[in-house]
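Note: hydrogens, waters and symmetry copies are ignored here, and every other heavy atom, side chains too, is used. Proteins come first, then strands; the chains are lettered A, B, ... in the order of their sequence lines, and each starts at number 1.
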Amino acid sequence: MDSMSAAQAREMMIYVADVIVESKELLCEADRNIGDGDHGIGMAAGLERCRDELRAREFTDVYDVFFTSGRTMIRTMGGASGIIFGMLFHAGSRNMPSQSEIGVSEFSCMFEKALTEIQAKGHAEVGDKTVVDALHPMVVSLRHSSESALPFKEALRRAYLAAEEGKEASRHYVAKVGKAKALGERAVGFPDAGAVSLSVIAKAMSDWAEKNL
Amino acid sequence: MDSMSAAQAREMMIYVADVIVESKELLCEADRNIGDGDHGIGMAAGLERCRDELRAREFTDVYDVFFTSGRTMIRTMGGASGIIFGMLFHAGSRNMPSQSEIGVSEFSCMFEKALTEIQAKGHAEVGDKTVVDALHPMVVSLRHSSESALPFKEALRRAYLAAEEGKEASRHYVAKVGKAKALGERAVGFPDAGAVSLSVIAKAMSDWAEKNL
Amino acid sequence: MKKLINDPRNVVRQMFKGFVAMHKGRFRLLDEVNVVVKSKLDPGKVGLVIGGGSGHEPLFLEFIGDGFADAVCQGNIFAAPPPDVILAATKAADRGHGVLYVYGNYAGDNLNFDMAAEMAEMDGISTATVRVMDDVASAPPERITDRRGIAGDFYVIKIAGAACDAGLDLDEVRRVTEKAGNNTRTMGVALSPGTIPGIAKPAFELPDDEIEIGMGLHGEPGVRRGPMEPADALVDSLVELIAADLPLKSGDDVCVLVNGFGSTTRMELLICMRRALERLDQLGVKVYDAQAGNYATCQEMAGVSISLLRLDSELRKYYDRPAWSPAFSTRGLFQRGTLVEDSGCRC
Amino acid sequence: MKKLINDPRNVVRQMFKGFVAMHKGRFRLLDEVNVVVKSKLDPGKVGLVIGGGSGHEPLFLEFIGDGFADAVCQGNIFAAPPPDVILAATKAADRGHGVLYVYGNYAGDNLNFDMAAEMAEMDGISTATVRVMDDVASAPPERITDRRGIAGDFYVIKIAGAACDAGLDLDEVRRVTEKAGNNTRTMGVALSPGTIPGIAKPAFELPDDEIEIGMGLHGEPGVRRGPMEPADALVDSLVELIAADLPLKSGDDVCVLVNGFGSTTRMELLICMRRALERLDQLGVKVYDAQAGNYATCQEMAGVSISLLRLDSELRKYYDRPAWSPAFSTRGLFQRGTLVEDSGCRC
Ligand SMILES: Nc1ncnc2c1ncn2[C@@H]1O[C@H](COP(=O)(O)OP(=O)(O)O)[C@@H](O)[C@H]1O
Ligand SMILES: Nc1ncnc2c1ncn2[C@@H]1O[C@H](COP(=O)(O)OP(=O)(O)O)[C@@H](O)[C@H]1O
Ligand SMILES: [Mg+2]
Ligand SMILES: [Mg+2]
Ligand SMILES: [Mg+2]
Ligand SMILES: [Mg+2]
């Protein structure tokens with residue numbers, strides 16, 4: 001199956017929310033190592049609100065699913081992650097013409113826009129020890145999958161692997177952005193908390209696709 | 001030897017001060033059980049100041065030794081014990097005609113006055129879980145030793161044993177005075193901190209007499 | 001326990017030095033003794049001397065000022081000041097109209113202040129004494145004079161300061177202050193202990209999931225230990241114990257102090273304040289003024305106490321008198337400016 | 001970790017409720033969002049909105065008032081408020097002359113306030129922004145815009161509030177506030193961690209005999225860990241790091257804030273104050289005003305920071321403007337009464 005319907009996107013995002021809520025402690029732990037320890041709290045609360053919004057009604061527009069998710073996160077979460085992870089879904093779905101289903105190419109495009117906007121607002125490059133370390137390779141992988149016309153399931157599997165690899169790579173970086181900035185060399189060895197979240201999200205999407213697409 | 005000279009009284013009080021300073025932690029611990037945990041701090045500091053005052057000059061009047069000790073404690077210590085233990089030495093030596101040496105009878109009389117004044121100011125009876133629990137039997141014992149014309153060494157040995165016994169008995173009481181008051185039955189099993197101090201002081205006097213009288 | 005100190009033996013002195021240096025010119029520190037005195041004393045008024053053991057800051061030290069104490073004396077940590085120190089404060093505060101002592105009702109304080117009063121008398125200074133005994137947990141009503149003084153000290157000192165400031169004579173100042181004391185009640189709950197500088201061991205131990213209702217400001221045991229409960233349930237218990245003790249009735253006017261013991265966060269204090277006001281409202285009690293903060297602490301003890309001052313028209317008059325101290329001042333701008341109609345009053 | 005809360009998920013909301021209830025009538029709480037606003041806003045002035053993560057109380061919540069912020073918005077514990085919440089505060093504070101944002105320089109705050117500014121712009125409200133970056137430990141001088149905002153927030157907010165109160169326009173308010181920020185520096189030392197409500201583990205671990213110089217208000221690592229030292233030695237290090245950074249020279253005028261992180265006792269703060277004033281005096285620096293207290297906390301973290309605001313005649317003018325907030329007010333009676341010649345000034 002090479003496309004994702006609005007209903008499927010909604011199911012997938014609800015599943016992502018479930019997984020993030022369960023990963024709360026893991027994400028806090030990651031943030032505790034080199035940040036202020038609250039990343040899991042914000043992500044879990046934000047995605048719980050998302051889930052409520054998504055469950056509250058049916059969706060016919062795929063972009064509306066992602067827009068609703070992203071806007072809810074921006075509106076309710078706060079913290080760096082409220083904007084960053086809100087934009088992850090919001091930047092590429094905002095002002096898009098309604099679509100009842102999208103393919104890998106549109107999906108890839110959405111995350112590419114997210115990367116652009118996150119970098120525009122957050123001024124982080126790969127290697128600065130942020131979510132960008134995982135998002136950049138994920139976007140490159142999605143673009144490649146789209147160009148190679150890979151099916152959704154495979155595209156999401158590769159996207160996850162790329163994000164996971166990027167998250168692992170973030171261990172080696174000295175932070176240049178965010179609360180770990182002051183740590184200098186002491187941050188080395190720990191992955192960035194936002195990159196861990198992105199990898200969790202990408203895995204949840206891939207796991208969901210494995211079973212449902 | 002049946003009398004104590006001013007020089008001896010001074011040596012004895014310096015020795016008492018040494019022992020109390022060493023017992024600081026023990027006395028705090030006793031106060032921690034049923035009070036606010038500071039008894040050793042006050043006693044150690046007060047007797048250190050006493051020791052300084054006693055060392056600073058020679059004494060020809062026995063009462064002056066005890067008066068100086070008591071007044072120094074009242075002036076510098078604060079807390080319940082500043083007044084109570086200050087009066088222990090101050091009440092019976094104040095306004096006394098100068099004496100180059102005293103016997104057991106004068107010594108006993110001094111502590112009897114101390115007991116009277118401590119009770120007059122503090123309104124504690126035997127069984128209220130205060131220093132009075134140990135001081136009362138000590139005074140009774142001293143009076144008996146005086147009436148029986150026992151030598152100083154023996155009088156002090158018996159005074160210590162009486163104080164020690166009184167302190168042990170204080171374990172069984174429910175506090176009616178001082179910071180342990182609110183404890184009710186929960187104070188039972190622990191001796192009163194002031195009674196512990198008095199027993200330490202009495203033992204130090206007896207130990208000193210054993211070697212020096 | 002790490003503390004930002006230099007030597008446990010001089011913590012009190014160095015604190016006093018820091019205090020007067022920070023308020024340069026406003027207060028003076030006496031030589032040798034831990035006594036601070038207002039630099040300028042209104043002539044013709046009764047002097048107010050407060051004090052007690054150190055370690056409860058801002059109490060007593062920082063309740064000096066206009067409409068507050070004229071002189072403050074403190075002993076070592078948790079130890080009443082010696083009579084000679086209290087006497088020095090008394091002499092500094094006396095302007096020929098006598099001096100009122102206000103302090104918490106503890107054996108040590110009673111003994112030392114009483115001896116100081118005798119010494120002052122010998123020096124020709126009249127004194128009067130009001131002992132604060134607001135701690136409901138520390139004895140049943142029939143033994144009210146066995147009760148300890150805790151955060152309610154604040155209200156009694158505020159009223160005493162106002163009465164002195166108003167120019168009442170010593171007897172009247174005592175009478176009004178006693179009335180404040182009789183209408184003040186406090187109940188607290190401790191969560192974790194504080195430590196005395198220089199002593200590694202905390203004053204008591206409390207299991208990780210237990211609290212103690214009614215624990216004293218020196219770690220004295222309270223009325224019961226129990227499992228940790230939600231803030232609202234604890235606040236309800238405290239308010240109800242006070243209400244039953246006063247006893248408080250519908251229509252009464254009160255001031256409310258939610259006091260932190262040291263390490264309790266303002267977030268917690270405000271959450272407790274929220275509930276205390278709700279519960280008092282349910283009881284039909286009118287709240288005239290309310291404050292939350294660390295007023296009477298026990299080093300870094302965690303926990304909270306709730307104090308109520310029941311007002312009548314006389315007490316309200318003194319409560320309303322403008323006053324300034326480093327620890328508490330009446331509303332400043334709000335009384336003079338935009339919100340003057342709401343000055344310090346929640347009626 | 002026991003805390004006096006009901007449910008970790010509603011601590012911030014219940015705190016806001018307690019705050020407005022305690023100050024009944026003075027402030028109003030917006031529905032749904034954690035924003036407090038002064039009940040009466042002077043017309044014709046630039047609005048001042050401050051905010052950031054919760055858990056640092058009294059910052060930001062209690063720096064609202066006359067000559068302080070018009071509206072305060074807070075996010076969850078240690079999390080910047082969402083843009084929609086900031087926008088609500090912005091609308092409430094705007095009186096047609098624009099709104100100044102003052103907040104600490106953190107990625108999360110920057111992202112959220114910037115987005116709020118865009119949203120406000122779309123709604124026709126002009127905004128300007130001053131980010132506080134006083135924490136010397138958080139980056140070297142050449143990367144000063146990487147520095148975090150900590151207790152120095154107080155000074156920047158005080159000056160911003162005074163500038164708004166004085167009726168300056170948005171550009172001028174920003175200019176003066178930026179000047180305050182450029183002249184504010186802070187260095188801190190942490191002794192033990194705080195904990196987030198609902199999370200058992202503290203934010204970091206610190207061995208029993210170690211401290212961390214320069215640790216941030218969220219437990220972010222500082223410049224070095226080392227053995228515990230006497231208070232005077234630590235204070236000297238902090239003062240010298242700030243002095244070198246500003247750089248401070250003999251004859252400069254400064255205000256000094258000795259800030260506690262949460263569970264540090266007032267005794268310790270005053271002992272540190274004593275030494276800070278001594279050390280500044282040795283450096284030939286004149287102290288214009290000084291305060292000690294918990295201004296910017298990290299829950300029940302233990303430790304202290306020292307902040308300096310270097311004054312010129314313009315900043316002094318705004319610093320001197322009378323102001324009242326629940327957390328800090330200018331000297332009240334002392335300015336009006338007996339000690340008026342010493343009003344807030346140590347010159
Ligand atoms: N400027 C930025 N650009 C990209 N990602 C960022 C930026 N700032 C922070 N982040 C991401 O946000 C994560 C922190 O999120 P979170 O802990 O929820 O917020 P906060 O830092 O406010 O506590 C970081 O681990 C990082 O991945
Ligand atoms: N009213 C009193 N009469 C007799 N002894 C008392 C009285 N009050 C207190 N004490 C004694 O003082 C001791 C406590 O001394 P200390 O701990 O130094 O003072 P504080 O109680 O001020 O902390 C008690 O253990 C008790 O023996
Ligand atoms: Mg974080
Ligand atoms: Mg004691
Ligand atoms: Mg004591
Ligand atoms: Mg955060």
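- Chain D forms more heavy-atom pairs under 4.5 Å with one residue of C/S263, C/G293, C/A302 than with any other, namely C/S263.
- If you measure heavy-atom distances from D/I77 to chain C, the contacts under 4.5 Å come from the side chain alone.
- Atom CD of C/Q291 is separated from atom NE2 of D/H23 by 9.0 Å, given to the nearest 0.5 angstrom.
- The CE atom of D/M228 sits 10.5 Å away from the NZ atom of C/K3 when rounded to the nearest 0.5 Å.
- For C/N259, the side chain to side chain contact (heavy atoms under 4.5 Å, CB included) partners two or more places apart in sequence, or in a different chain, are C/A151, C/L257, C/F261, C/Y295, C/A296, C/S305.
- Every residue meeting the side-chain hydrogen bond (donor to acceptor under 3.5 Å, both in side chains) condition with C/E57, not counting sequence neighbours, appears here in chain and number order: C/Q74.
- Take C/N6 and apply the side chain to side chain contact (heavy atoms under 4.5 Å, CB included) test, not counting sequence neighbours, and it matches C/Q14, D/P230, D/A231, D/D232, D/I271, D/R274.
- Using a 4.5 Å cut-off between heavy atoms, D/L206 touches chain C through backbone and side chain atoms alike.
- For the atom pair CD (C/Q299) and CD (D/E268), the distance works out to 7.0 Å, reported to the nearest 0.5 Å.
- For C/M267, the parts lying under 4.5 angstrom from a heavy atom of chain D are both the backbone and the side chain.
- Proximity to chain C is limited to the side chain of D/L234, based on heavy atoms less than 4.5 angstrom apart.
- Only the side chain of C/T265 comes within contact range of chain D, judged by heavy atoms closer than 4.5 Å.
- Neither the backbone nor the side chain of C/A276 comes within less than 4.5 Å of any heavy atom in chain D.
- Listed options C/N10, C/V12, C/D208, C/T297 were ranked by heavy-atom pairs under 4.5 angstrom with chain D; first place goes to C/D208.
- Top candidate by heavy-atom pairs under 4.5 Å with chain C, chosen from D/E210, D/E229, D/E278, is D/E210.
- Of the two parts of C/L59, neither the backbone nor the side chain holds a non-hydrogen atom closer than 4.5 Å to a non-hydrogen atom of chain D.
- Taken to the nearest 0.5 Å, the CG atom of D/L270 stands 5.5 Å off from the CD atom of C/E62.
- Inspection of non-hydrogen atoms places C/L191, C/P197 of residues 188-199 of chain C under 4.5 Å from chain D.
- Rounded to the nearest 0.5 angstrom, D/M273 CE and C/M15 CE are separated by 14.0 Å.
- Interface remark: of the candidates D/K2, D/E300, D/R266, D/K2 forms the most heavy-atom pairs closer than 4.5 Å to chain C.
- The environment of CZ in C/R9 is sparse: at most 12 heavy-atom neighbours from other residues, nucleotides or ligands sit within 6.0 Å.
- When the shell of 6.0 Å around CD of D/Q282 is examined, it contains more than 12 heavy atoms from other residues, nucleotides or ligands.
- If you measure heavy-atom distances from C/T264 to chain D, the contacts under 4.5 Å come from the side chain alone.
- Residue C/L61 touches chain D through its side chain alone, counting heavy-atom pairs closer than 4.5 Å.
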